[in-house]
Amino acid sequence: MKMVLNLLAKLPGIAAFIYRLKYKNGELIESDSKLDLGGNFAHMMGIKKPYDDVARMYFILHSDHESGNVSAHTGHLVASALSDLYYSISAMTNGLAGPLHGLANQEVLAWIQGVYKQMDGKIPTEAEMRQFVWDTLKGGQVIPGFGHAVLRKTDPRYMAQREFCLKHLPNDPLFQYVDLLFKVVPPVLLEQGKAKNPWPNVDAQSGVIQWYYGLKEYDFYTVLFAVGRALGVVANIIWDRGLGYPIERPKSVTTAMLEAQAELKVNS
Ligand SMILES: CC(C)(COP(=O)(O)OP(=O)(O)OC[C@H]1O[C@@H](n2cnc3c(N)ncnc32)[C@H](O)[C@@H]1OP(=O)(O)O)[C@@H](O)C(=O)NCCC(=O)NCCS
């Protein structure tokens with residue numbers, strides 16, 4: 001328990017340290033112990049209000065939600081070998097860094113920026129945006145920020161951030177791109193007929209909010225994501241230990257077992 005509290009207390013400071021070291025000439029800002037986790041993070045990042053509220057929303061929305069995703073599952077898996085919490089959260093973060101998972105929030109922004117450049121900053125028409133989406137698909141890429149392994153409707157975390165954008169940055173050009181993608185992408189993915197879920201996920205909205213409040217270094221976004229994700233993953237690891245969960249291992253099967261399965265299929 002002490003290790004969990006230490007880790008959670010230190011993570012925002014570590015993330016802000018990385019940011020200030022990499023992008024702000026190493027000019028660090030002391031933490032302020034009177035502030036809450038989100039408020040202190042905004043303070044150490046050197047970003048003014050209302051970024052403290054953005055940080056609070058971001059960390060809560062990005063905490064683990066159901067344990068089965070790559071990062072949450074990896075954290076749980078590594079902890080199941082009784083590796084300590086620091087190793088488990090470091091493994092979790094490495095899982096998060098894949099483009100089909102957490103890195104998607106950075107990829108969305110890079111992709112939108114690409115469209116933005118091509119359009120010379122002009123908001124595309126629906127037809128132009130549809131064409132960009134098709135070009136991306138035909139180039140063999142996925143549309144970042146859309147689809148989900150489990151959800152079969154618009155991600156509620158997307159909707160929470162969309163409502164925030166409609167309230168605080170409705171005229172921001174990048175938000176207008178995201179808003180347009182919300183209309184254009186699902187019908188295209190349905191027409192393509194591959195994705196089981198054509199609706200947007202959490203990553204389609206988060207980068208735009210960070211960008212608007214001045215956090216434009218999008219290769220930092222996965223670090224940010226990791227701070228939030230850790231909140232849920234460590235809670236689950238505490239339960240794993242409390243309930244005495246065993247080490248996790250996928251089932252092994254022999255060739256004879258596979259042959260028996262294949263026979264069952266052929267005969268059924
Ligand atoms: C999240 C994701 C990895 C889930 O993958 P999954 O469980 O395999 O999803 P599905 O079962 O719907 O995939 C079926 C097919 O649709 C494709 N597909 C799914 N989402 C797609 C998207 N956003 N753009 C294009 N194709 C997509 C898959 O690549 C797969 O194609 P294949 O049969 O040629 O391999 C996938 O939707 C994706 O790559 N999304 C974009 C990346 C992203 O936003 N990740 C963050 C998720 S929170």
Side-chain angles (χ1 to χ4, degrees), residues 57-77 91-115 124 126 128-162 164-165 174-175 177-211 218-233 236 250:
M57 175 178 71
Y58 187 97
F59 291 149
I60 289 297
L61 290 182
H62 288 78
S63 62
D64 171 38
H65 53 108
E66 44 82 38
S67 302
N69 58 74
V70 169
S71 52
H73 182 222
T74 307
H76 161 85
L77 171 70
M92 172 208 89
T93 307
N94 289 330
L96 202 58
L100 295 185
H101 189 39
L103 199 79
N105 71 8
Q106 151 177 347
E107 302 266 297
V108 168
L109 216 63
W111 187 71
I112 294 178
Q113 291 288 330
V115 183
E126 279 194 33
E128 283 167 333
M129 191 57 113
R130 198 172 301 114
Q131 194 54 50
F132 281 120
V133 173
W134 274 117
D135 290 348
T136 303
L137 289 174
K138 285 181 184 152
Q141 284 173 264
V142 296
I143 307 300
F146 285 78
H148 199 273
V150 180
L151 287 174
R152 294 294 174 256
K153 59 181 224 174
T154 299
D155 191 329
R157 300 166 300 169
Y158 175 95
M159 289 311 286
Q161 295 182 101
R162 177 175 164 80
F164 180 93
C165 289
L174 282 187
F175 172 62
Y177 272 59
V178 169
D179 189 39
L180 193 53
L181 288 170
F182 187 43
K183 292 191 191 109
V184 165
V185 174
V188 172
L189 287 179
L190 281 172
E191 192 181 332
Q192 190 206 30
K194 278 167 73 174
K196 293 193 191 76
N197 174 39
W199 308 108
N201 60 57
V202 63
D203 296 323
Q205 269 285 347
S206 51
V208 174
I209 302 178
Q210 297 297 331
W211 185 276
Y218 49 71
D219 56 357
F220 181 73
Y221 290 176
T222 306
V223 179
L224 204 58
F225 198 153
V227 178
R229 179 58 37 110
L231 294 172
V233 174
N236 282 331

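Quick note: residue numbers are just sequence positions, from 1. Each ligand, and each atom within it, is numbered from 1 in the order the structure gives. Side chains are part of it too, since the values below use all heavy atoms of this structure and drop only hydrogens, waters and symmetry mates.
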K.L.:
If every non-hydrogen atom of His73 is compared with every non-hydrogen atom of Gly68, which pair is closest and at what distance?
P.N.:
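Smallest interatomic distance, heavy atoms only, reads CB-O, 3.9 Å.
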K.L.:
Please work out, at 4.0 Å between heavy atoms, whether the side chain, the backbone, both, or neither of Leu100 comes within that distance of ligand 1.
P.N.:
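Looking at Leu100 and ligand 1, atoms from backbone and side chain both fall under 4.0 Å.
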K.L.:
Going by heavy-atom distance to atom 40 (N) of ligand 1, choose the closest among Phe146, Trp199, Tyr158.
P.N.:
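It is Phe146 whose heavy atom sits nearest to atom 40 (N) of ligand 1.
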K.L.:
With side-chain contact (heavy atoms from CB on, under 4.5 Å) as the criterion, how do Leu224 and Tyr218 come out once you've worked through the C-alpha distance, each side chain's angles and the decisive distance to 0.1 Å?
P.N.:
CA-CA 10 Å; Leu224 204 58; Tyr218 49 71; over 6 Å; no
K.L.:
Parallel under 30°, tilted from 30 to 60°, perpendicular over 60°: which one fits the rings of Phe225 and His62?
P.N.:
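Taking His62 first and then Phe225, their aromatic rings stand perpendicular (interplane angle over 60°).
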K.L.:
Has Val108 got any heavy atom lying under 4.0 angstrom from an atom of ligand 1?
P.N.:
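False for this residue.
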K.L.:
By number and element, which atoms of ligand 1 are closer than 4.0 Å to a non-hydrogen atom of His148?
P.N.:
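Under 4.0 Å from His148, ligand 1 has these atoms: 1 (C), 4 (C), 37 (O), 48 (S).
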K.L.:
Taking all non-hydrogen atoms of both residues, which atom of Gly147 and which atom of Asn201 are closest, and how far apart?
P.N.:
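In this case the closest contact between Gly147 and Asn201 is O-ND2, 2.8 Å.
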K.L.:
What residue and atom, counting heavy atoms only, is the protein's closest point to atom 26 (N) of ligand 1, and at what distance?
P.N.:
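Protein heavy atom with the smallest distance to atom 26 (N) of ligand 1: Val142 CG1, 4.0 Å.
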K.L.:
Considering heavy atoms of the protein only, find what lies nearest to atom 11 (O) of ligand 1 and give residue, atom and distance to 0.1 Å.
P.N.:
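Scanning the protein heavy atoms, the shortest distance from atom 11 (O) of ligand 1 goes to Lys196 NZ, 2.7 Å.
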K.L.:
In this structure, which one of Arg152, Lys153, Arg157 forms a salt bridge (charged side-chain N to carboxylate O under 4.0 Å, His left out) with Asp155?
P.N.:
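It is Arg157, the one option of Arg152, Lys153, Arg157 that forms the salt bridge (charged side-chain N to carboxylate O under 4.0 Å, His left out) with Asp155.
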K.L.:
So which heavy atom on Ala91 is nearest to which on Thr74, and how close?
P.N.:
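Closest heavy-atom pair between Ala91 and Thr74: O-CG2, 3.7 Å.
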K.L.:
Kindly indicate, with the supporting measurements, whether the criterion side-chain contact (heavy atoms from CB on, under 4.5 Å) is fulfilled by Ile112 and Trp211.
P.N.:
CA-CA 12 Å; Ile112 294 178; Trp211 185 276; over 6 Å; no
K.L.:
Can you tell me how the ring of Phe182 sits relative to the ring of Tyr158, calling it parallel under 30°, perpendicular over 60° and tilted otherwise?
P.N.:
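Plane angle between 30° and 60°, so tilted.
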K.L.:
Can you sort out which atoms of ligand 1 are near His101, meaning under 4.0 Å from one of its heavy atoms?
P.N.:
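Listed by number with element: 46 (C).
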K.L.:
Please check atom 32 (P) of ligand 1 for a protein heavy-atom neighbour under 4.0 Å.
P.N.:
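Answer yes: something from the protein, a heavy atom, is under 4.0 Å.
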K.L.:
If we count only non-hydrogen protein atoms and require a distance under 4.0 Å, does atom 5 (O) of ligand 1 qualify as touching the protein?
P.N.:
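Given the 4.0 Å limit, the answer for atom 5 (O) of ligand 1 is no, no protein heavy atom qualifies.
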K.L.:
Does ligand 1 have an atom that lies less than 4.0 angstrom from a heavy atom of Val202?
P.N.:
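Distance cut 4.0 Å: Val202 fails for ligand 1.
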K.L.:
Using heavy atoms and a threshold below 4.0 Å, how should the contact between Glu107 and ligand 1 be classified: side chain, backbone, both, or neither?
P.N.:
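Looking at Glu107 and ligand 1, no heavy atom falls under 4.0 Å.
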K.L.:
How far apart are the closest heavy atoms of Val233 and Ala72, and which atoms are they?
P.N.:
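It is CG2-CA, 3.7 Å.
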K.L.:
For atom 18 (N) of ligand 1, what is the closest protein heavy atom, and at what distance to 0.1 Å?
P.N.:
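Ranked first by proximity to atom 18 (N) of ligand 1 is Ala195 CB, 3.7 Å.
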K.L.:
Protein heavy atoms near atom 35 (O) of ligand 1, is at least one of them under 4.0 angstrom away?
P.N.:
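When distances to the protein are checked, atom 35 (O) of ligand 1 has no heavy atom within 4.0 Å.
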K.L.:
Could an N or O of ligand 1 be found under 3.5 Å from any N or O of Gly145, whether backbone or side chain?
P.N.:
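Yes, since at least one N or O of Gly145 sits under 3.5 Å from an N or O of ligand 1.
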K.L.:
Could you go through Gln131 and Glu128, starting from their C-alpha distance and side-chain angles, then the distance that decides it, and tell me whether this counts as side-chain contact (heavy atoms from CB on, under 4.5 Å)?
P.N.:
CA-CA 5 Å; Gln131 194 54 50; Glu128 283 167 333; 5.6 Å; no
K.L.:
So, Glu126 side chain and Val184 main chain: donor-acceptor pair closer than 3.5 Å or not?
P.N.:
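No.
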K.L.:
Where the closest heavy atom to atom 7 (O) of ligand 1 is concerned, which of Pro99, Ala104, Ala149 has it?
P.N.:
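Nearest heavy atom to atom 7 (O) of ligand 1 lies in Ala149.
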K.L.:
Counting from 1, what ligand 1 atoms have a heavy atom of Leu189 closer than 4.0 Å?
P.N.:
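This gives 24 (N), 25 (C) as the contact atoms.
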K.L.:
Give yes if a backbone or side-chain nitrogen or oxygen of Pro144 is under 3.5 Å from a nitrogen or oxygen of ligand 1, and no if not.
P.N.:
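So ligand 1 has no N or O lying under 3.5 Å from an N or O of Pro144.
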K.L.:
Return the closest protein heavy atom for atom 48 (S) of ligand 1 as residue, atom name and distance.
P.N.:
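For atom 48 (S) of ligand 1, the nearest protein heavy atom is Asn201 CG, 3.7 Å.
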K.L.:
For a side-chain hydrogen bond (donor to acceptor under 3.5 Å, both in side chains) with Arg229, tell me which candidate from Asn69, Asp64, Thr222, Thr93 qualifies.
P.N.:
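The single option meeting the side-chain hydrogen bond (donor to acceptor under 3.5 Å, both in side chains) with Arg229 is Asn69.
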K.L.:
Is the shortest distance from atom 14 (C) of ligand 1 to a protein heavy atom below 4.0 Å?
P.N.:
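Yes, at least one protein heavy atom sits under 4.0 Å from atom 14 (C) of ligand 1.
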K.L.:
Show your working on side-chain contact (heavy atoms from CB on, under 4.5 Å) between His148 and Trp199 and close with a plain yes or no.
P.N.:
CA-CA 8 Å; His148 199 273; Trp199 308 108; over 6 Å; no
K.L.:
Could you see which bit of Leu137 sits under 4.0 Å from ligand 1, with heavy atoms only: side chain, backbone, both or neither?
P.N.:
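The answer is the side chain of Leu137.
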K.L.:
If you have a sec, work out which protein heavy atom is nearest atom 24 (N) of ligand 1 and how many Å separate them, to one decimal?
P.N.:
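Nearest neighbour among protein heavy atoms for atom 24 (N) of ligand 1, to 0.1 Å: Ile143 N, 2.9 Å.
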K.L.:
Nearest to atom 30 (C) of ligand 1, what protein heavy atom do you find, and at what distance?
P.N.:
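Looking only at protein heavy atoms, the one closest to atom 30 (C) of ligand 1 is Lys194 CE, 4.6 Å.
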K.L.:
What part of Asp203 sits under 4.0 Å from ligand 1 if we count only heavy atoms: the side chain, the backbone, both or neither?
P.N.:
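Looking at Asp203 and ligand 1, just side chain atoms fall under 4.0 Å.
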K.L.:
Looking at Ser71, is its backbone amide N or carbonyl O close enough to the side chain of His101 to form a donor-acceptor pair, meaning the two atoms are under 3.5 Å apart?
P.N.:
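Pair found, side chain donor or acceptor close to backbone of Ser71.
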